[in-house]
Every structure is written in structure tokens, then in C-alpha cells.
Amino acid sequence: MDTIIGIDLGTSTTEAAVMQDGKPVMVLNLENEIITPSAIGIDSAGNSIVGEKVRAQYLLSPENTVIEVKRKIGTGEKIKLGKQSFTPVDLSAKLLEYVKTYASEYLGREITHAVISVPAYFNDIQRQETVEAGTKAGLKVERILNEPTAAALSYGLDHMEEESHILVYDLGGGTFDVTLLEMFDGVMEVKASSGDNQLGGKDFDEKLMDWLISEFMKKNSVDLRKDTFAMVKLKEEAERCKKALSTEDSYHILIPMVTEKKGVPLALDETVTRKHFEEITQELIERTHHPIDVVLSDSGILPDEIDKVILAGGSTRMPLVTKDIREYLNIEAAQSLNPDFAVAEGAAIQAGIIQGVFSQEDSLIITDVNPYTLGIRVTDGITDNRMDVIIPRNATIPVTRSQTYYTYADYQTSANIEVYQGESMLADSNHFLGDFMIHDIPPKRAGVEKINVQFSYNLNGMLHVTASIPSTGADASISINMMKNEETEEDVSRWKEAPSAKQFRTVIRRAERMLKSLETGSFPTLEEDINENLYLLKKAILDEDINAAKGAEQELLDILND
Ligand SMILES: Nc1ncnc2c1ncn2[C@@H]1O[C@H](COP(=O)(O)OP(=O)(O)OP(=O)(O)O)[C@@H](O)[C@H]1O
Ligand SMILES: [Mg+2]
């Protein structure tokens, strides 16, 4: 059987592990490092590069570098890299291709199979896209595994006899995941999972950057946000400072020529104390409380019934994390795992389970849950927008549930099944996953014909929906294709209110004037190019993503000057 490797495809870093002699072993990359930065770039020759080389290039040419792609997965957003634009799937595939290459090199045989971990709180589209990225990289994805479940597996391998309630607290670069498990006789049962897809070390860096920028503004009346290079340096320094404050009481940031004012170079010179850092990031750490509450209440466990808190993710090295857990849950969190390796090791263990490397008696069994409520939109006497739950959140997976519905109109011959994911009672307020029509309903009076809707949620956390009409006996079931989800374009008309609008106003005005001067339909590709880049530019301004804005601006200038 082909070797399956475990991959932790992280927001900031990526790691891989493989089972050897019944234990997970970390795999070294081409630079003999375990940790690969999750960064993708284009070098001067136009070739894509991955990993440490890119991180080095990031300072010099940020426009040729992309970091933190994982935050964009599932959004359909295009990402600019050099002159080209990529989907998050394309870029994640490049990272995975690199992992495939180095793992094959390290193990001395071509690796074609993998288990990839994702945040428990990833929705179906994000999971689908992760599988797609794997496939694109030439890896058959055997299983998508929830990251905290992976961390728990890595812990469980050495603690199989213990009987306990374990809370896995995973604060990485971009996401926060919390999972409650119960362990007994080598069985690890995930009771509940929750989290925040948009909370991680990156946000701590940004809080610190915000503060440094405002101090710099006070002292020099210069807005560093307008200077791409200053922002890149600042981001590097902010992260370095944050990491140092995990062990030191204070840290001195000095960037000699961070920017210039009327030709005179200016330095950024600040001392940050841990106390101050903890004050400005307190609100971020408090955002972990809600998911913790959800996990406790969904699993019906009280805080004092937690036997152990396991930490995973690089950001749990911040002393603020253990302090907050102590205050909020009254328990001392254990640094019992290497927070950088635990998830990849767990993915390798899962791969080992699939390959049958564990013998019967020491076999680990793990059951997982789905983190979101899943259902369809139904029409009843009161509303046409009710979310009817088919699989409640935190149901143990794999799970298949069906529900019977009745036609609501006389002589109705078809029905549209709209699938949603989320906790609101109103379908519209939840996340729309997709829809499909079921036809061939015999025309009868309302309420006579039955429609069966079946949801199957598999071990990869992916959903399959089918509908059928029992009376005809015909197999009228259709499955839903999550990938058909359309990209939604955000309304970017409010770009003018964003802080960096002024900087790009002229180019936007010029491009819009050019659009007007073109007779509609006379140069369709040109029109499309301008529209696309105008959209990207306005969106980047709104997102305060100066790198992306400059990229789009350059594209527009190239078109205009042609
Ligand atoms: N000593 C430290 N003190 C504070 N933060 C740290 C330390 N070491 C690493 N980090 C932070 O940990 C984060 C990276 O952690 P990790 O590699 O676990 O994330 P990831 O797996 O890439 O992200 P995610 O799991 O969210 O997708 C970064 O934000 C980094 O700044
Ligand atoms: Mg991680």
C-alpha cells in the first residue's frame, strides 16, 4: 500500500509527518527544516517558489509574494502574484506540491497520498477547496481531518489508558479552534467543536502594528500605511516583538529607515512591554471565550469537569493564553505537546489508522463531529424562509439523516432544495451552500406528495444531499455539487471612505473615464480587464491591503498607458 503522509497546511507554517515504527516522525523539507513558511512567490525569472526563500524575498518585493493564503480559501477571491492572478486553491496547491516534493525526496519514494488537516470550523466549501488543492498538487487526499482532533490524536497515542475530558485549544496563525473530547479505553470521542476562522497570531501582530502606526503618526505626522515597504518591515518586526514578549518582559523595536518625510529618513523606535502588549490584545484573547462556552454547553460538560487542556498552535506560546485559561476555566493548561508539530503528527497517525499500521489491541478509535448546523429552507404557513434543521451541529460523524416534506402548492411538480449551514432560524441569515431542483413530482393537491431529503455528512466533513419522491418509486435523487457555488462580488462602492482612497483616486478616475469613452461592447476584453482591476483595486482599498492595491493600480496604469 502507498505511504500516506499527514500534512498540517497552516496559515503561517506548513508541516508534514509520516508513521515510522508505530510513531509519527516529522518530515524535513529541502532545506532540512521541519517548519516551512506558508508563503508562495514568483522569482525574477517568473517561476513560482515556496517556503523559506519566499520569506526572504517578501521584504524586498512583497508584490511577488503571497502569505496567509489559508485565510482566503473558500472565498473565491482572486489573489495577485506578480502580474498574474490566482485562486486560493492554485496557491495552496503550490504549497502542497512543495510538500509532496520534499516528502518524496526525504522518504526516497514518490508520495501520492495524504491526510490533510483543516480547522474544525472550516465550512464545506473550504474543505472541498482543500481537497481540490491536494488533487491539483498530485496528492490523493485520503481524509480531511479536523486540526484539534489531530492534536488530540497526537496526545492520545501516548495517553491511551487515561479516562478523561480533554479540551484542545489550538490558536495558530490565522484560526482558533477548540474541541472537547472524551477518552476511554483507547476511544477518543469528539463531543463538540467550535472556533473562530478569523482569529489567530496574525491578529495579534496587527494589533501591535496599529499601535505602532498611531504612535508614529503622533510623533512624526506620517501615516506608515501609505508606505508598502514600511508596512512589510513593520509586520516582520511586530511579529518578532510579539514572539520575544512570550519570554521577555519588554522588547525594543528599532527600524532605522522605516520611511522618509520630505527626503529625510525617519526611524521607528519604540519599547513595548509585555504588560502593554497584553492590554492591547486583551480583546482578542476574550474572543476565545464564546467558542469555549459553546463547546462546553454543546457537550453538556461543566468547566470543573475538564481534566486537561491541551495546547496546540504557535500562538499558545503567549503567556496571555495560559493566563486567560487559568482565569476563565480555573485550570492549568499543559504544554504537553510540541505546539508546532502536534497537528501534523496527528494527521500522520490518522494516515496510519487508514493504512492499518496499528495492531488490534493498541488501536486508537476516534469519532468526530460536524461543527455546523445543516438544513434546508422550507415554506410553512408563516414564512418562506425557515431553516429546517436536518443535521444539528456537533452530531457525531459520519452521519446520515433524512426528513420528509410535503408539497405546499396544488399540482406542484417540482421543488427547489436550498441547502444552508448555520445557526439562525432564518435560512437567509445562514450560509447558503447550494441548491438543486427535484422534478417529476406527480401533480396532486398540496400536502399529498412526499419529498424525502437526505443529508449525509462523511468523515471528511463533507456533505452530500439527495432528494427523492417515494410515491413514484423512481430514483429521483440528485446530489449537490458544492463546487458550483458562485463567487459573490462584494459591494465596493464605499471605497472612497477608506483611509488610502486618496492615494489611488487619480488612477481610478482615469480608468473610469476610459471605460466611459469606450463604446460598450466594442473592446470586450479590454473592458473586462479594466472592470476587473477596478474592482480589485477598490476592494483592496476597502480591505486596506496596500500591496494588492498597488498591484491592481499597476495593472490599470499598464492598460491606460498602452
Ligand atoms: N514564541 C511565540 N510567541 C508568540 N507567538 C508565536 C510564537 N511562535 C510562533 N508564534 C505565532 O504562531 C503563529 C503560527 O502558529 P502555527 O504555525 O501553529 O499556525 P498555523 O498552523 O500556520 O495556522 P492555523 O492553524 O491558524 O492555520 C504565528 O502567528 C506566529 O507568530
Ligand atoms: Mg495550525
Side-chain angles (χ1 to χ4, degrees), residues 6-17 26 29 33-40 51 55 66-74 88 92 95-96 99 116-122 126-127 130 133 144-152 154 168-179 193 195-209 235-249 251 272 274 277-278 281 284-285 287-288 291 310-324 335 337-347:
I7 303 175
D8 173 5
L9 181 63
T11 310
S12 330
T13 67
T14 295
E15 296 85 19
M26 299 303 293
N29 67 20
E33 301 282 350
I34 291 175
I35 297 176
T36 303
S38 303
I40 307 110
R55 240 184 116 86
V66 177
I67 58 168
E68 292 162 359
V69 175
K70 189 173 172 179
R71 280 211 163 182
K72 297 279 164 66
I73 204 115
S92 302
L95 278 172
L96 290 170
V99 176
I116 304 179
S117 60
V118 298
Y121 229 53
F122 254 24
Q126 293 168 307
R127 287 166 197 268
T130 306
I144 289 288
L145 178 67
N146 290 333
E147 285 163 13
T149 307
S154 152
V168 182
Y169 182 111
D170 180 354
L171 188 63
T175 55
F176 173 62
D177 265 330
V178 54
T179 287
S193 227
D196 187 335
N197 262 341
Q198 302 291 335
L199 176 66
K202 175 188 191 268
D203 301 288
F204 288 77
D205 302 343
E206 281 169 5
K207 270 273 182 287
L208 193 51
M209 287 168 73
K235 185 174 166 61
E236 285 262 329
E237 262 314 304
E239 189 180 2
R240 190 167 302 142
C241 170
K242 173 191 75 175
K243 287 184 181 172
L245 291 176
S246 291
T247 46
E248 323 269 311
D249 286 333
Y251 183 81
V272 188
R274 185 193 289 172
F277 174 68
E278 293 186 347
T281 54
L284 292 177
I285 210 76
R287 275 170 56 195
T288 61
I310 299 181
L311 301 174
S315 297
T316 59
R317 291 208 176 85
M318 293 187 291
L320 185 57
V321 167
T322 24
K323 189 168 136 219
D324 187 67
Q335 277 287 4
L337 292 172
N338 181 325
D340 296 323
F341 306 163
V343 172
E345 285 173 353

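It should be emphasised that the depicted structure is a prediction, and the values quoted were computed from it without experimental measurement. Every number for a ligand or one of its atoms is a count from 1 in the order of the listing.
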Would you say Glu15 has any N or O atom under 3.5 Å from an N or O of ligand 1, going by distance alone?
no
Do Arg55 and Glu33 sit within salt-bridge range, that is, some charged N less than 4.0 Å from a carboxylate O?
no
Nearest to atom 9 (C) of ligand 1, what protein heavy atom do you find, and at what distance?
Lys243 CE, 3.5 Å
Checking the N or O distance criterion of under 3.5 Å, is ligand 1 in contact with Lys242?
yes
Check whether any heavy atom of Gly200 sits under 4.0 Å from an atom of ligand 1.
no
Closest non-hydrogen protein atom to atom 21 (O) of ligand 1, residue and atom name please, with distance?
Gly10 CA, 3.6 Å
Could you check whether any side-chain N or O of Arg317 sits under 3.5 Å from a backbone N or O of Ser246, counting only pairs where one atom can act as donor and the other as acceptor?
no
Among protein heavy atoms, which lies nearest atom 30 (C) of ligand 1, and at what distance?
Glu239 OE2, 3.3 Å
Within ligand 1, which atoms have a heavy atom of Lys70 less than 4.0 Å away?
24 (P), 27 (O)
Any donor-acceptor N/O pair, Arg127 side chain to Phe122 backbone, under 3.5 Å
yes
I'd like to know if the side chain of Asp324 and the backbone of Val321 have a donor-acceptor N/O pair within less than 3.5 Å.
no
Under a 4.0 angstrom heavy-atom cut-off, which atoms of ligand 1 come close to Gly313?
18 (O)
Could you check atom 1 (N) of ligand 1 against the protein and tell me its nearest heavy-atom contact, residue, atom and distance included?
Arg317 CD, 3.6 Å
Under a 4.0 angstrom heavy-atom cut-off, which atoms of ligand 1 come close to Glu147?
25 (O)
Numbering the atoms of ligand 1 from 1, which are under 4.0 Å from a heavy atom of Gly201?
29 (O)
Met318 neighbourhood, listing ligand 1 atoms whose heavy-atom distance to it stays under 4.0 Å:
4 (C)
What residue and heavy atom of the protein are closest to atom 24 (P) of ligand 1, and at what distance?
Thr11 OG1, 3.3 Å
Shortest non-hydrogen separation from Leu95 to Pro37 and the atoms involved
CD2-O, 4.2 Å
Near Thr175, which atoms of ligand 1 are under 4.0 Å from a heavy atom of that residue?
24 (P), 25 (O), 26 (O), 27 (O)
Are any of the heavy atoms in Ser38 under 4.0 Å away from ligand 1?
no
protein heavy-atom neighbour closest to atom 14 (C) of ligand 1 works out as Ser12 OG, 3.5 Å
Among all protein heavy atoms, pick the one closest to atom 23 (O) of ligand 1 and tell me residue, atom and distance.
Gly173 N, 2.9 Å
Heavy-atom proximity to atom 16 (P) of ligand 1 ranks first, among Gly314, Pro37, Pro148, Pro339, for Gly314
Residue and atom name of the nearest protein heavy atom (relative to atom 4 (C) of ligand 1), distance in Å to one decimal:
Ser246 OG, 3.2 Å
Checking the side chain of Ser38 only, and the main-chain atoms of Gly10 only, is there a donor and an acceptor separated by less than 3.5 Å?
yes
Exam field: side chain Asp177 to backbone Ala120, donor-acceptor pair closer than 3.5 Å:
yes
Main chain of Gly172, side chain of Ser315: is a donor-acceptor contact present, judged purely on distance under 3.5 Å?
yes
Between the main-chain N or O of Pro148 and the side-chain N or O of Asn146, is there a donor-acceptor pair closer than 3.5 Å?
no
Polar side-chain atom of Asp205 near backbone of Lys242 as donor-acceptor pair, under 3.5 Å
no
Can you list the steps and then say if Lys235 with Glu239 is a salt bridge (charged side-chain N to carboxylate O under 4.0 Å, His left out)?
CA-CA 6 Å; Lys235 185 174 166 61; Glu239 189 180 2; 5.8 Å; no
Nearest 0.5 Å please: distance from the CZ atom of Phe204 over to the CG atom of Leu199.
6.0 Å
